[in-house]
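Below you'll find the structure, written out as structure tokens, and then a few comments.
The basis for the numbers below is simple: all heavy atoms, side chains too, and nothing from hydrogens, waters or symmetry mates. First the proteins, then the strands, lettered A, B, ... as listed; each starts at 1.
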Amino acid sequence: MTTHVPATREALTDLPVEVAPRLLDALLEVELDGERVVLRLSEVEAYHGRGTGDVPDPGSHARMGPTPRNATMWGEPGHLYVYLSHGIHSCVNVVCGPAGVAGGVLLRGAEVVEGADAARRRRSARGVVRQDRDLARGPGRLGDASGLRHPVHDGIDAVTGDMRAGARARLLLPVSPRRDIATGPRVGVAGVAGGDEFPWRFWIPDDPTVSAFRWGRGAGPALSAAR
DNA sequence: CCCTAGATGCAT
DNA sequence: TGCATCTAGGGG
């Protein structure tokens with residue numbers, strides 16, 4: 001039986017906070033230089049933008065309006081917004097919402113269900129990977145494991161799966177959305193955007209590939225919110 | 001311009 | 001807790 005179907009542009013046109021929970025258990029397939037890595041998403045965060053019918057989001061890269069960096073977030077849903085975090089890691093978002101309205105879902109955690117060898121090799125360039133569950137646990141790790149990089153793959157289309165800088169990405173949505181979903185404040189976002197105003201982090205309860213984050217930094221209290 | 005903080009991860 | 005490494009954004 002079919003468990004996943006290719007994501008359509010329409011399915012991603014709703015606002016990120018609506019799309020985000022539906023991306024849990026979704027698959028992101030990435031082919032890069034002939035190697036294939038498939039990620040099953042376990043943790044995501046929604047980010048909106050500013051103005052024009054959108055929900056204001058002080059934690060978003062698009063909070064100041066369109067800039068060269070966040071241009072992809074304002075474009076068609078289904079493309080991937082790949083940005084450089086702390087000058088080191090390439091993090092991956094699925095652009096959501098109508099074109100012209102900024103929005104995206106940050107992919108924060110995943111299980112590598114195919115291509116663990118390639119993922120491990122890419123990740124070990126930055127350090128030692130002790131367990132397979134850590135291959136894509138955390139947004140920076142997920143980006144490294146996927147092979148997608150800033151800036152060359154920023155804007156790649158995960159709906160059509162077109163080739164871009166040696167890579168091809170495709171997003172597959174689960175036929176049956178999950179019922180058991182945990183929610184809470186976003187990680188690493190300072191100020192009100194990380195608090196109760198924006199409980200826009202979604203994860204699969206008890207999934208070992210959900211990121212662990214340091215308390216006492218960034219977002220403040222939180223994990224128990226939906227347990 | 002210069003400075004700082006950032007949707008992070010790793011070793012200490 | 002410090003560091004890697006780069007850049008957007010705010011202040012002078």
Measure from NE2 on His89(A) to C1' on dC3(C) and round the result to the nearest Å. 11 Å

Could you check how far CZ of Arg126(A) sits from C1' of dT5(C), rounded to whole Å? 8 Å

Calculate the interatomic distance between Glu45(A) atom CD and dT8(B) atom C1'; express it in whole Å. 12 Å

Is the backbone N or O of Asp162(A) less than 3.5 Å from a side-chain atom of Asp157(A), with the two atoms forming a donor-acceptor pair by type? no

Near DNA chain C, under 4.0 Å by heavy atom, which residues of residues 59-69 of chain A? Met64(A), Thr67(A), Arg69(A)

May I ask you to decide if Gly115(A)'s main-chain N or O and Arg36(A)'s side chain share a donor-acceptor pair within less than 3.5 Å? no

Just by modelled atom types, is the Asp154(A) backbone N or O under 3.5 Å from a matching donor or acceptor in the Arg164(A) side chain? yes

Are Leu39(A) and Leu27(A) linked, directly or through intermediate hydrophobic residues, by side-chain heavy-atom contacts shorter than 4.5 Å (ILVMFWY only)? no

What's the closest nucleotide to the Tyr47(A) side chain, out of dA7(B), dG9(B), dA11(B)? dA7(B)

Name every residue in residues 140-155 of chain A that has at least one heavy atom under 4.0 Å from any atom of DNA chain C, in order of residue number, or write none if there are no such residues. none

Just by distance, do the side chain of Ser42(A) and the backbone of Ile204(A) share a donor-acceptor pair under 3.5 Å? no

Between atom OH in Tyr83(A) and atom P in dT7(C), what is the gap in whole Å? 15 Å

Treat each ILVMFWY residue as a node, draw an edge where side-chain heavy atoms are under 4.5 Å apart, and state whether Leu24(A) and Leu142(A) are in one component. yes

Using modelled atom types and a 3.5 Å cut-off, is there a donor and acceptor pairing between side-chain atoms of Arg120(A) and backbone atoms of Val129(A)? no

With P as the reference atom in both, quote the distance from dG2(C) to dA5(B) in angstrom, rounded to an integer. 14 Å

In terms of hydrophobic clusters joined by side-chain contacts under 4.5 Å, are Tyr81(A) and Leu32(A) together? no

Using whole Å, report how far CG of Leu84(A) lies from C1' of dA5(B). 14 Å

Which value, rounded to the nearest 0.5 Å, describes the distance between Asp33(A) atom CG and Arg168(A) atom CZ? 12.0 Å

Pairing pattern in dot-bracket form [Watson-Crick, G-U; both distances under 3.5 Å; | = partner strand] for DNA chain C: ||||.||||||.

OP1 or OP2 of dA7(B) less than 4.0 angstrom from a side-chain nitrogen or oxygen of Arg201(A), does that happen here? no

Where the side chain of Arg123(A) is concerned, which of dA7(B), dT5(C), dG9(B) is the nearest nucleotide? dG9(B)

With Ser211(A) as partner, the option from Glu43(A), Arg137(A), Arg141(A) fulfilling side-chain hydrogen bond (donor to acceptor under 3.5 Å, both in side chains) is Glu43(A)

Please lay out, stage by stage, how Leu80(A) and Asn93(A) fare under the test side-chain contact (heavy atoms from CB on, under 4.5 Å). CA-CA 5 Å; Leu80(A) 301 183; Asn93(A) 297 248; over 6 Å; no

Closest listed nucleotide, where the reference is the side chain of Ala190(A) and the choices are dT8(B), dA7(B), dG6(B): dG6(B)

Is the ring of His86(A) stacked on the base of dT8(B), with centres less than 5.5 Å apart and planes under 30° off? yes

Assess whether a salt bridge exists between Asp207(A) and Arg178(A), defined as any Lys/Arg side-chain N lying under 4.0 Å from an Asp/Glu carboxylate O. no

Gap between atoms CD and P, on Glu43(A) and dT8(B) respectively (whole Å): 11 Å

What integer distance in Å separates Leu106(A):CG from dA7(B):P? 10 Å

